[in-house]
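Remarks on the structure that follows.
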Number of protein chains: 2
Amino acid sequence: MDVANPTGAGEGGIVEAARPADTGRRARTEKLILDATREMLAEVGVNGLTVEGVANRSGVAKTTIYRRYRSKTDLALAVLLDSVEYLGTTPDVGDTYAELAEVVDRTIELLNSTLIGRIMQGLVSEIAADPELALAYRERVVNRRVADVRRLVERGISRGDLRPDVDAEMLTDLLLGPIYYRFFLSGSPLDEGFGVRLVSTLFSRGPAQGA
Amino acid sequence: MDVANPTGAGEGGIVEAARPADTGRRARTEKLILDATREMLAEVGVNGLTVEGVANRSGVAKTTIYRRYRSKTDLALAVLLDSVEYLGTTPDVGDTYAELAEVVDRTIELLNSTLIGRIMQGLVSEIAADPELALAYRERVVNRRVADVRRLVERGISRGDLRPDVDAEMLTDLLLGPIYYRFFLSGSPLDEGFGVRLVSTLFSRGPAQGA
DNA sequence: TTGAAACGCTACGTTGCGTAGCGTTAGTAC
DNA sequence: GTACTAACGCTACGCAACGTAGCGTTTCAA
């Protein structure tokens, strides 16, 4: 699995001027491959993606692609992780519930408006089945999301909005689970109001309190 | 798509003694195919499933299989829907929260202990991408789940456990979304206690009430 | 200038897909 | 029993993509 560190550089070496590996031959080839993959993904999705197609479109030899990526799944995951790299953290707006709703809406936006949604649809089966891919996805995406929510929770607790015993992971599941469930399986709409509705259902404006 | 009604019988005809179509040649072949598919799914998963493999194992000619199922996806979905056919409704135990937790735990049990989990992992991408498969899945699975939860909600409201304005679909998403999210993407554990924890987090024993 | 890493290219063997054409068997109706 | 028809079996394709081997060529940096 070369996905995590395609250039093989930048780890133990002396840091030279402006990361020379980013402009070397290898990096150029890398970009050609990923750009072509992105284009092809946009057109035909993960299912229609072929290594041969990427080779033709990018001008890079098929064998070169196989020297880096084990399979088309590996290739698609590389694009996914690359696109997700800059997720960012949810800003402090002074309102815990608004911030939580923001997490939800940003995720929906991500799935609806970019390639990521399409890639996720095609990759979810592979991620679910392949432990190696699953690990990569967890480290690069899932864990970051939980960490983001954890920050919100800590802010919320210090504001007195949330109980001190809130489980950040469970809360993340409650915020994101419904999104993916709708996106993958139920097909129910994921519009702009969903975040607010979800959060207000979650926090006491929905069901009544315990008996 | 032949999945929904493979035999083509039993719809508009006169009901004869004990559904003769169930013992005819066609039904026999059907069983051979589905049994072999089930075996192969258990061994190699949806990804490793091949129509040729099913043909060899079942003794049924490959062409015969293609006369019924468009693709291996169609085949796997047929097994899935067949296995899910007898989902059943959640019994009345007098406790709304226990009933909701039961919905969660049953779903987890279904995913963990049977072929269904494995099939779902392999099919979720196809369901997400193919509108026809998605429709079949919604009608046969999603809608039934929502209907079940709706009954629970109505009971809960009449008991005074739930507010009268609870949205059954949103509640279903909140109960099942986290399960599938963990199962497909996050990989966090789905043990027996999950249902109770989820429900108690949902209903006021988790986060504090609104500011 | 030179040496190693990276790349290009051709040519394979293989699997699995999905279909065509035609003969054969098993039930059904008379 | 005979005849008819739906269902099935079988062989033989053409095709797309996979993934690899082997060897020559280019790039870049020391």
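Just so it is clear, the values below take in all heavy atoms, side chains as well, and ignore hydrogens, waters and symmetry mates. Chain naming here is simple, since letters A, B, ... match the order of the sequence lines and numbering starts at 1 in each.
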With the sugar-phosphate defined as primed atoms, P, OP1 and OP2, and the base as all remaining atoms, what B/S/- string results for nucleotides 21-27 of chain D, 5' to 3', for protein heavy atoms under 4.0 Å? BB---BS
Using only heavy-atom distances, determine whether the side chains of B:E169 and A:S188 contain a donor-acceptor pair under 3.5 Å. yes
Here the distance between atom P of C:dT19 and atom CZ of B:R68, to the nearest Å, is 16 Å
Measure CZ/B:R26 against C1'/C:dT25 and give the value in whole Å, please. 16 Å
Could you tell me the separation between the CD atom of B:E52 and the P atom of C:dC17, rounded to a whole number of Å? 6 Å
On the 0 to 90° scale, with breaks at 30° and 60°, tag the B:Y181-A:Y180 ring pair as parallel, tilted or perpendicular. parallel
The helix from C:dT1-D:dA30 to C:dC30-D:dG1: angle between end helix axes, five pairs per end, rounded to 10 degrees: 20°
Need one value for A:G48: base, sugar-phosphate or nothing, where a base atom within 4.0 Å counts as base even if backbone is also close, heavy atoms only. nothing
Think B:T50 has a side-chain N or O under 4.0 angstrom from the OP1 or OP2 of C:dG16? no
Under a 3.5 Å threshold, yes or no: a donor from one side chain and an acceptor from the other, between A:D148 and A:T90? yes
Whole-Å distance separating the OH atom of A:Y69 from the P atom of D:dA17: 21 Å
Going by modelled atom types, is there a donor-acceptor pair between the base of D:dG9 and the side chain of B:K62 at under 3.5 Å? no
